[in-house]
*Asks:* 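Following this message is one structure expressed as structure tokens.
Lettering of chains follows the sequences in order, A, B, ..., and the numbering in each one begins at 1. Computed from a predicted structure; not experimentally measured.
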Protein chains: 2
Amino acid sequence: MSQAIYSLPRYAQIKTYIRNQIESGQWKVGERIPSENQLSVDFVVSRMTARRAVQELADENLLQRAPGLGTFVAEPQIATPVLEITDFTQQFSHSNPEYSNRILVLEESTAEKNIAAVLGLNQGDQLFHSVVVHYRDSAAVQWEECYVNPQIAAAYLKQNYSKVTPQAYLNWVAPATRVEHQVQAVMPNAEITGALGLQTISSCLKVSRRSWSGDKVVSISKLIHPGSYSLGAELII
Amino acid sequence: MSQAIYSLPRYAQIKTYIRNQIESGQWKVGERIPSENQLSVDFVVSRMTARRAVQELADENLLQRAPGLGTFVAEPQIATPVLEITDFTQQFSHSNPEYSNRILVLEESTAEKNIAAVLGLNQGDQLFHSVVVHYRDSAAVQWEECYVNPQIAAAYLKQNYSKVTPQAYLNWVAPATRVEHQVQAVMPNAEITGALGLQTISSCLKVSRRSWSGDKVVSISKLIHPGSYSLGAELII
DNA sequence: CAGTGGTCTAGACCACTGG
DNA sequence: CAGTGGTCTAGACCACTGG
């Protein structure tokens, strides 16, 4: 705060200050922060202005207020679980000891007409293609076929996917700003049945996934789960 | 507003007034509402108090503000399309000419142990049970079995479901504040296969749905879609 | 120009909490 | 009791919009 940001309203400056104190760990979860009166003294503003900063952060669930007691740093939010459907890509992580995978395909290819259109490429353009089977506790839980836009993830083929999953790598080089899913029940073909190690041809959950980073499509994937696999999605309105 | 609600703060009373004006259609979408100054005169409060009411409603996206211009009734929210998965209940509407349904079951029943626990009832308590098949263009697109908490929708059995769908009725008496979905691929049993008019036993999409209104569970449903049915879900991060 | 919303002040009274 | 957050007032100055 040594250098004042003239363009920012004072309540916003105080918000930034409080945010920084929390993010830097100076004010820990559950700790009491200065009162409105104290902040108004510290920042030489009226109590109403200090209050506004604190109140807006409370509205954002960063702080918790209790009349008579004070204002406290709130528990970290459980990441607004609007939709756990994303989780099935995130739960596949090498930091998870039960996780493993098998790379079936990892190649450069040329874009077929339909796929080119979706990825925003021209027919015949270079693209990357991968097929990976994901296991949890040595049981196959997902067959993943993925077409990747090489303009966005140029080094996709050169990664070591025994250390990081393809989706994790993509999310790192081009964080998804939008993801679209289509869910269907399907009967898997022989190739997929074999890859998933299914004893019989039983119904599977097919998820078609398209991810964007900004206005560019990063990848399109076809994900097949054994029918017993349950996809959770929670929506809080 | 003829009878003042003494326990409610004045800014909250003004919020209620504005909300009512909008919901009753007195103030239509896009119309300008009274200025802060006008409201402070009308309600005999300071401008800061009138402002608080308007500002909080703007934060809730019910109003739109523009400096120098005024405050306007905002476009109805497109229900934050975090997840179009909800749509499959909303797209079933009698205002849709291609839509029709068939009521297979609509009865009072007693709660089996598991269902009672989920609905927050005791085993043997009264509950409502319905089974409805939904058609689009005379093709069955969903088999819906629903258990309803009678404390929340006491008149559930008495509605005319050729005019309003069960879900629409529930959403009207107890707007869902939270909905949870579980998606699985399953093979339907003979009863469902018959009800959906499937020629062969083919894989179906099963959606288990639980909805809350406040802290109470309104209903739990089992929805079965033919495998060809595609469930869309779009997630904007 | 008069009117709008955005920011801000320096006070006030209240119900509530802990010691 | 002194301190907290919740509500509220009667002013103020500002940048901005339209006519």
Side-chain angles (χ1 to χ4, degrees), chain A residues 1 3-19 21-22 26-75, chain B residues 1 3-19 21-22 26-75:
Chain A
M1 297 307 297
Q3 199 185 355
I5 304 158
Y6 293 107
S7 58
L8 231 55
R10 298 190 219 184
Y11 76 89
Q13 295 175 30
I14 302 176
K15 281 180 75 174
T16 301
Y17 166 76
I18 296 175
R19 239 192 262 274
Q21 292 297 303
I22 294 174
Q26 304 259 19
W27 296 348
K28 286 164 195 158
V29 170
E31 274 183 21
R32 216 181 80 177
I33 76 163
S35 70
E36 295 178 354
N37 282 316
Q38 188 58 49
L39 287 169
S40 68
V41 170
D42 293 351
F43 285 87
V44 199
V45 295
S46 73
R47 194 192 136 204
M48 284 293 270
T49 298
R51 173 177 175 72
R52 176 164 180 184
V54 174
Q55 188 57 50
E56 291 192 3
L57 290 172
D59 289 343
E60 297 169 26
N61 296 314
L62 230 102
L63 300 174
Q64 263 194 342
R65 323 200 71 187
L69 284 175
T71 300
F72 304 83
V73 179
E75 292 286 332
Chain B
M1 295 308 298
Q3 199 184 357
I5 304 158
Y6 291 108
S7 57
L8 231 56
R10 298 190 216 184
Y11 75 89
Q13 295 176 31
I14 302 175
K15 281 181 76 174
T16 301
Y17 166 76
I18 297 174
R19 238 192 262 274
Q21 292 298 304
I22 294 174
Q26 304 258 20
W27 295 350
K28 285 164 196 158
V29 169
E31 273 183 22
R32 215 181 79 176
I33 77 163
S35 69
E36 295 178 355
N37 282 314
Q38 188 58 50
L39 287 169
S40 68
V41 170
D42 292 352
F43 285 86
V44 198
V45 295
S46 72
R47 194 192 135 205
M48 283 295 268
T49 298
R51 174 178 174 72
R52 177 164 179 184
V54 174
Q55 188 57 50
E56 290 191 3
L57 290 172
D59 289 344
E60 297 169 26
N61 295 314
L62 230 102
L63 299 174
Q64 263 194 343
R65 324 200 71 188
L69 284 175
T71 300
F72 304 83
V73 178
E75 292 286 332

*Asks:* CD1 of A/Ile33 to CD of A/Gln21: how many Å apart, nearest 0.5 Å?
*Replies:* 9.5 Å
*Asks:* Is A/Gln55 close enough to D/dG5 that one of its side-chain N or O atoms is under 4.0 Å from OP1 or OP2 there?
*Replies:* no
*Asks:* Hey, which of these two, B/Ser35 or A/Arg10, hits DNA chain C nearer its 5' end, going by closest nucleotide?
*Replies:* B/Ser35
*Asks:* Do B/Trp27 and B/Pro34 come within less than 4.5 Å of each other through their side chains, counting heavy atoms only?
*Replies:* yes
*Asks:* Across the strands shown, which category fits A/Val54 at heavy-atom distances under 4.0 angstrom: base, sugar-phosphate, nothing?
*Replies:* nothing
*Asks:* Please give me the minimum heavy-atom distance between A/Ala50 and A/Val45, naming the atom from each residue.
*Replies:* N-CG2, 4.0 Å
*Asks:* Compare side-chain N and O positions of A/Arg52 against OP1 and OP2 of C/dG6 and report whether any pair is under 4.0 Å apart.
*Replies:* no
*Asks:* Using whole Å, what does the distance between atom C1' of nucleotide D/dA10 and atom CG of B/Asn37 come to?
*Replies:* 12 Å
*Asks:* Please state whether the phosphate of D/dT7, meaning OP1 or OP2, lies under 4.0 angstrom from any side-chain nitrogen or oxygen of B/Thr49.
*Replies:* no
*Asks:* For the pair made of CD in B/Gln38 and C1' in C/dT4, what is the distance, rounded to whole Å?
*Replies:* 13 Å
*Asks:* Rounded to whole angstrom units, what separation is found between the CD1 atom of B/Ile33 and the C1' atom of C/dT4?
*Replies:* 12 Å
*Asks:* Can you tell me if B/Arg51 touches the phosphate of C/dG6, counting only side-chain N or O atoms and a distance under 4.0 Å to OP1 or OP2?
*Replies:* yes
*Asks:* Name all stems that contain residues of DNA chain C, defined as runs of 3 or more consecutive Watson-Crick or G-U wobble pairs, both distances under 3.5 Å.
*Replies:* C:3-16 with D:3-16
*Asks:* Taking the side chain as every heavy atom from C-beta outward, state whether A/Ile22 and A/Leu63 have any atom pair closer than 4.5 Å.
*Replies:* yes
*Asks:* Over how many whole Å does the gap from A/Leu39 atom CG to C/dA10 atom P extend?
*Replies:* 16 Å
*Asks:* Give the rounded distance in Å between these two atoms: CZ of B/Arg32 and P of D/dG18.
*Replies:* 12 Å
*Asks:* Hey, is the side chain of A/Arg65 poking within less than 4.0 Å of OP1 or OP2 on D/dG6, counting only N and O atoms?
*Replies:* yes
*Asks:* Would you name the heavy atoms of A/Arg32 and A/Gly70 that are closest together and state the gap between them?
*Replies:* CD-CA, 4.3 Å
*Asks:* Should B/Glu56 and B/Tyr11 count as side-chain neighbours, where that means a heavy-atom distance under 4.5 Å?
*Replies:* yes
*Asks:* Rounded to the nearest angstrom, tell me the gap between atom CG in A/Leu57 and atom C1' in D/dG5.
*Replies:* 15 Å
*Asks:* Can you tell me the distance, in whole Å, between the CG atom of B/Leu8 and the P atom of D/dG6?
*Replies:* 16 Å
*Asks:* Side chains of B/Arg65 and B/Thr71: donor-acceptor distance under 3.5 Å anywhere?
*Replies:* yes
*Asks:* Between N or O atoms, less than 3.5 Å apart, protein on one side and nucleotides 11-14 of chain D on the other: list the pairs.
*Replies:*
residue : atom : partner : partner atom : Å
D/dA12  : N6   : B/Arg47 : NH1          : 3.2

*Asks:* Quick one: pull up CD in A/Gln13 and OG1 in A/Thr49 and give me the separation to the nearest 0.5 Å.
*Replies:* 11.0 Å
*Asks:* Less than 4.0 angstrom from a charged side-chain N to a carboxylate O is my criterion; do B/Arg52 and B/Glu36 meet it?
*Replies:* no
*Asks:* Are any of A/Tyr11's side-chain N or O atoms less than 4.0 Å away from OP1 or OP2 of C/dT7?
*Replies:* yes
*Asks:* Mind checking side chain to side chain contact (heavy atoms under 4.5 Å, CB included) for A/Ala12 and listing every partner two or more places apart, or none if nothing turns up?
*Replies:* A/Leu8, A/Pro9
*Asks:* Identify, between A/Ala12 and B/Leu69, the residue whose nearest nucleotide on DNA chain C lies closer to the 5' end.
*Replies:* B/Leu69
*Asks:* Can you measure A/Phe72 atom CZ to D/dG3 atom P for me and round it to whole angstrom units?
*Replies:* 16 Å
